[in-house]
Amino acid sequence: MLKLALQGMRTRWVTFVGSFIALVLGVGLIATTGLALAATFSAPDRGPERFVKAPVVVKTSDLVRVDTPIGKRTRTITDPAPVPAAVTAKLAALGRTVEDRTFPVTGRGLGADTVGHPWSVAALTPYALTGGRAPSAPGEAVATGDALRPGAQVRAATPRGSEEITVVGTVASAGFENALFFTDAEAARISPDVDAVAVHAPADRVEAAVGAGFDVLTGDERRRADPDPDRDAEALVSVNALLGTAAGVTGFVSVFVVASTFSFAVAQRRREFGLLRTAGATPAQVRRMVFTEAFVIGVLASAAGCSLGAAGAPRLAAWMADAGIAPAWFFGIGEQTWPLHTAFWTGLFVALSGVVVSSWRAGRIGPTEALRESAVDSRAMPVSRWLIGGAVLATGLGLLALALLDSPADLLKRKTYITQPMLLIVGFALFAPVLVGPLNRLLTWLPARLPGATAMLARENASGGIRRTAAVAAPVVITVALAASLMGTTATISEAKAGEARKRITADLVATAGGEGRALPEEFLRRARAVPGVTVSATRSTGVIVLEEGVALVASEAEAVDPAAHAAVSRPPVVAGRLADLDDDSIVVNEEWLTTEVGDRVSVWLGDGRTADLRIAAVLATGTGDNGVYVTERNAAGAPVDRVDLALPRDSADSAASVLGAAAEATGVQLLTGDRWVDAHYPRSSENTRLGLWLILGIALVYTGIALANTQMMATSDRVRDLASLRLTGATKGQALRLVAVEALVVVAVGAVLGAVIAGVNLLGVWSALGLLGVWSGVVVPWGTVAAVIGASALLATAASVLPASRALRVRPVELAGTRE
């Protein structure tokens with residue numbers, strides 16, 4: 001059986017080369033993404049960065065620790081309290097100490113997220129002067145990196161207001177921050193709070209001195225005092241999700257394409273299998289031969305794919321790092337070998353599972369098939385395919401309906417809207433043999449009635465070869481469906497978020513410090529509150545933590561506001577209670593919380609770690625997920641003002657706006673109108689999201705090209721006699737090639753329509769989910785992306801059908817007409 005299978009593969013290599021290439025690519029991509037995915041399971045083992053030279057570092061604890069029935073749970077609070085003066089005095093009595101202060105500094109010429117520190121802390125990293133001198137007077141600073149040189153003048157905004165700074169020295173960048181170092185006295189004036197204390201004393205004596213509520217850090221634990229110590233692990237979360245999704249899509253598409261290709265190959269070989277049956281082969285032997293062919297292809301392709309993946313993983317990681325999807329240090333390949341084993345056995349499983357149905361069909365072919373001369377294949381689907389297709393399609397639609405009824409917010413999550421189309425794609429693909437015929441007749445109804453026989457012949461050829469038409473249309477279906485679903489869903493959700501924000505924000509102007517969560521200078525607040533008739537609503541971004549069902553610590557973003565002022569600049573979607581009832585003893589929650597009854601009390605940890613038992617004053621709609629929690633300023637101790645919404649007086653709006661603009665320019669604050677602020681902060685989708693989705697679509701596009709090229713070459717090689725007959729009836733070579741091209745375009749159009757239907761169902765589900773969440777927004781269709789995908793598919797299909805047909809037509813028609821399989 002193996003010898004017979006190998007001989008058949010050598011003779012009909014065109015039939016198998018597409019499946020082999022598709023499987024090599026699939027295994028290669030799975031190995032590539034698997035190796036890169038394995039590298040995301042652990043972040044680099046970095047030691048302390050800012051406090052390398054500090055024996056002991058003391059800071060207020062930033063963790064909430066709770067013992068639950070299923071183990072200890074911890075969460076990081078957003079606004080840990082500063083180290084009290086009494087504690088710093090105790091530490092100073094133990095040995096030499098260095099007080100660290102960290103505060104934002106914004107100004108032209110400064111790098112993003114620049115922070116200020118006392119100069120004495122620089123020696124703990126250690127930073128060493130590369131030029132100039134240390135700061136010795138107010139207004140002097142040392143800068144990291146090469147952007148600023150000694151002597152440079154910078155007008156910068158700090159929490160105390162606008163500062164004229166002269167750069168007197170530079171230090172080499174440490175890679176983890178952009179910093180300006182001031183004199184210790186100047187840093188204390190700008191930011192009186194002490195964030196951490198480096199102590200030159202034994203750790204046990206330090207622990208005894210500070211008591212409970214403080215972290216005494218030594219060794220590698222000192223990293224917890226670094227800026228954003230978990231940034232490496234957090235940076236890998238999105239990379240992990242993207243690579244996992246890409247691997248899943250790769251597996252799905254490879255099974256889909258390989259199964260479709262094998263199915264078409266078996267349909268083409270009916271006469272061959274009929275001859276085998278006539279020669280005495282049993283159905284089981286025919287099935288074993290088909291399985292043997294798939295096994296040989298699977299082993300060879302999987303081995304080649306693993307080699308391709310090992311070479312591709314570092315290149316994928318480099319591209320992701322260059323594109324900003326992954327951190328710059330991400331290398332994408334580790335010492336693990338399990339991704340290669342997984343990819344190999346997955347490839348073999350895909351090859352064998354992709355041929356299961358085809359082998360069963362091959363075994364059912366009878367000896368009479370050897371006598372068939374007609375290539376017409378318009379048979380209806382077997383009952384088993386009707387049942388399986390109906391079950392898959394019903395499951396996909398049922399899960400969509402269940403999500404809409406039970407938890408519409410889940411449909412807005414990335415994992416859901418990426419995986420949701422899969423079942424629908426499989427369901428529609430299983431029904432392709434009964435759908436492509438009516439669609440073909442519908443799409444060619446008008447062209448077939450135009451002068452000339454090309455369109456009519458293309459329609460009849462497509463209708464006469466249902467399996468061929470379905471096999472060519474399948475990759476177009478999946479690519480169009482994924483492109484329209486993924487890009488359309490992300491664009492629709494982004495537009496809904498922006499629309500929800502526009503409806504919620506009624507402020508005339510919005511002021512921010514230009515960076516996410518960066519504190520606004522107090523000077524701007526003073527000047528804004530001094531403008532007659534202007535309503536100033538200051539917002540502090542903070543967070544709260546709640547213990548749900550006694551086992552899970554759940555953190556929620558929160559905003560601390562003054563209820564009366566906030567009501568003048570915002571219209572939050574309140575579904576129960578009143579925002580005006582918010583006070584120091586209450587909280588406003590959204591519908592995602594377990595407890596949403598107005599008047600009920602909930603126990604929470606505030607942003608500074610304090611516990612509070614607060615009454616629910618109001619409940620907000622869930623919306624797209626941006627409707628968070630509200631508390632008062634008293635319950636957000638330690639959180640700086642990072643946003644100010646301003647309502648202008650109607651009778652003097654222009655003059656008030658002019659005064660506020662001058663105040664913003666003087667203090668380095670970004671001042672935008674409400675609509676412009678929404679446009680700036682609610683883009684259609686982030687660059688990382690777009691690149692990630694294009695990575696997934698790129699996989700589908702590559703598979704589409706391979707499947708189209710393979711299927712069309714297989715189909716053309718079996719239609720040599722048809723083309724010869726067409727030539728003998730008087731058609732020119734150009735007319736025959738035009739017929740082949742038009743037929744390819746018709747089949748692509750059929751696949752595009754089916755893909756558009758699938759995408760339409762998904763987008764309708766997303767639109768319905770938004771409506772159920774109270775956010776009615778229009779569906780955004782990515783016409784440009786869909787047109788590009790369809791155009792690429794049409795070009796590939798046309799080229800893959802015309803080129804082999806042109807080569808076949810070089811032979812005299814009489815010789816072609818006499819050929820036999």
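Computed from a predicted model, the values in this text were never measured in an experiment.
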Indicate yes or no: does Asp584 engage Arg634 in a salt bridge with an N to O separation below 4.0 Å. yes
List the steps, then state whether side-chain hydrogen bond (donor to acceptor under 3.5 Å, both in side chains) holds for Glu523 with Thr667. CA-CA 7 Å; Glu523 180 183 344; Thr667 56; over 6 Å; no
Distance in Å, Thr106 OG1 paired with Leu520 CG, rounded so as to fall on 0.5 Å steps: 9.0 Å
Could you go step by step and tell me if Asp193 and Phe103 meet the side-chain contact (heavy atoms from CB on, under 4.5 Å) rule? CA-CA 10 Å; Asp193 291 339; Phe103 50 90; over 6 Å; no
So which atom in Pro118 and which in Asp184 form the shortest heavy-atom distance, rounded to 0.1 Å? CB-OD1, 3.3 Å
Pairwise side-chain contact, Asp215 with Thr60, heavy-atom cut-off 4.5 Å (strictly under): no
Test: Arg101 and Glu99 ion pair at under 4.0 Å: yes
Minimum heavy-atom separation for Pro69 to Val551, with atom names? CD-CG1, 4.2 Å
Carboxylate-amine/guanidinium contact Asp100 Arg50, below 4.0 Å: yes
Report the C-alpha separation of Thr512 and Val669 in whole Å, then their side-chain angles, then the decisive distance to 0.1 Å, and conclude whether the side-chain contact (heavy atoms from CB on, under 4.5 Å) test is met. CA-CA 6 Å; Thr512 60; Val669 169; over 6 Å; no
Kindly indicate whether the side chain of Pro55, heavy atoms from C-beta on, has any atom under 4.5 Å from the side chain of Val199. no
Donor-acceptor pair between Thr622 and Asn590 side chains, under 3.5 angstrom: no
Against Pro572, only a single residue in Asn627, Val561, Leu579, Val588 fulfils side chain to side chain contact (heavy atoms under 4.5 Å, CB included); can you say which? Leu579
Measuring only between side-chain heavy atoms, which start at C-beta, is Thr88 closer than 4.5 Å to Thr97? no
Euclidean distance, Leu180 CG relative to Glu186 CD, rounded to 0.5 Å: 11.5 Å
pair Tyr630-Val589: side-chain heavy atoms closer than 4.5 Å: no
Could you walk me through whether Asp583 and Arg615 pass the salt bridge (charged side-chain N to carboxylate O under 4.0 Å, His left out) test, one step at a time? CA-CA 9 Å; Asp583 55 28; Arg615 172 181 51 84; 3.3 Å; yes
Distance check, rounded to the nearest 0.5 Å: Ser603 atom OG versus Leu547 atom CG? 9.5 Å
If the threshold is 4.0 Å, N to carboxylate O, is there a salt bridge linking Glu163 and Arg189? yes
Can you find a heavy atom in the side chain of Leu606 that is under 4.5 Å from one in the side chain of Val544? yes
Quick check: closest heavy atoms across Trp119 and Ala134, and the distance to 0.1 Å? NE1-CB, 3.4 Å
Output all residues satisfying ring-ring contact (aromatic ring centres under 6.0 Å, His included) with Trp605, sequence neighbours left out; order by chain, then residue number. none
Output every pair passing ring pair (Phe, Tyr, Trp, His ring centres under 6.0 Å) with a member in residues 122-162, not counting sequence neighbours, ordered by first then second residue. Tyr127-Phe181
Is there a donor-acceptor pair closer than 3.5 Å between any side-chain N or O of Thr40 and the backbone N or O of Leu37? yes
Separation between CZ (Arg601) and OG (Ser586), nearest 0.5 Å, reads 8.5 Å
Which heavy-atom pair separates Gly131 from Pro150 by the least distance, and what is that distance? C-CG, 4.2 Å
Under-4.0 Å salt bridge between Asp642 and Arg540: no
Please check if the number of heavy atoms outside Gln153 that lie under 6.0 Å from its CD is greater than 12. yes
Are Arg222 and Glu49 close enough for a salt bridge, meaning some N to O gap below 4.0 Å? no
Side-chain heavy-atom pair Leu63, Thr76 within 4.5 angstrom cut-off: yes
Report yes or no: does Arg155 contribute a side-chain atom to a donor-acceptor pair with the main-chain N or O of Glu164 at less than 3.5 Å? no
Can you confirm whether Val58 sits close enough to Leu217 that some side-chain heavy atom of one is under 4.5 Å from a side-chain heavy atom of the other? no
Atom pair OG1/CG of Thr130 and Asp146 - distance to nearest 0.5 Å: 7.0 Å
Side-chain (Lys497) to main-chain (Thr624) donor-acceptor, under 3.5 angstrom: yes
Heavy-atom check, side chain of Phe214 versus side chain of Ser61, under 4.5 Å: no
Is the backbone N or O of Ala137 less than 3.5 Å from a side-chain atom of Glu140, with the two atoms forming a donor-acceptor pair by type? yes
Find the distance between CG (Asp62) and CG (Asp79) and round it off to the nearest 0.5 Å. 11.0 Å
Whether the side chain of Glu665 engages the backbone of Gly661 through a donor-acceptor N/O pair (distance < 3.5 Å, no angle test) should be reported. no
Any side-chain donor paired with an acceptor under 3.5 Å for Asn178 and Thr144? no
In terms of heavy-atom contacts, Ser120 and Val98 come closest through OG-CG1, 3.5 Å
Shortest non-hydrogen contact from Asp562 to Glu633? N-OE2, 4.5 Å
Step by step, work out the side-chain contact (heavy atoms from CB on, under 4.5 Å) result for Ile616 and Thr595. CA-CA 9 Å; Ile616 296 178; Thr595 304; 3.8 Å; yes
Indicate whether the side chain of Ser537 and that of Asp645 have a donor and an acceptor atom separated by less than 3.5 Å. no
Answer with yes or no whether the side chains of Glu559 and His566 bring together a donor and an acceptor at under 3.5 Å. no
side-chain contact (heavy atoms from CB on, under 4.5 Å) between Val197 and Lys59: does it pass, once the steps are laid out? CA-CA 7 Å; Val197 180; Lys59 69 181 190 66; over 6 Å; no
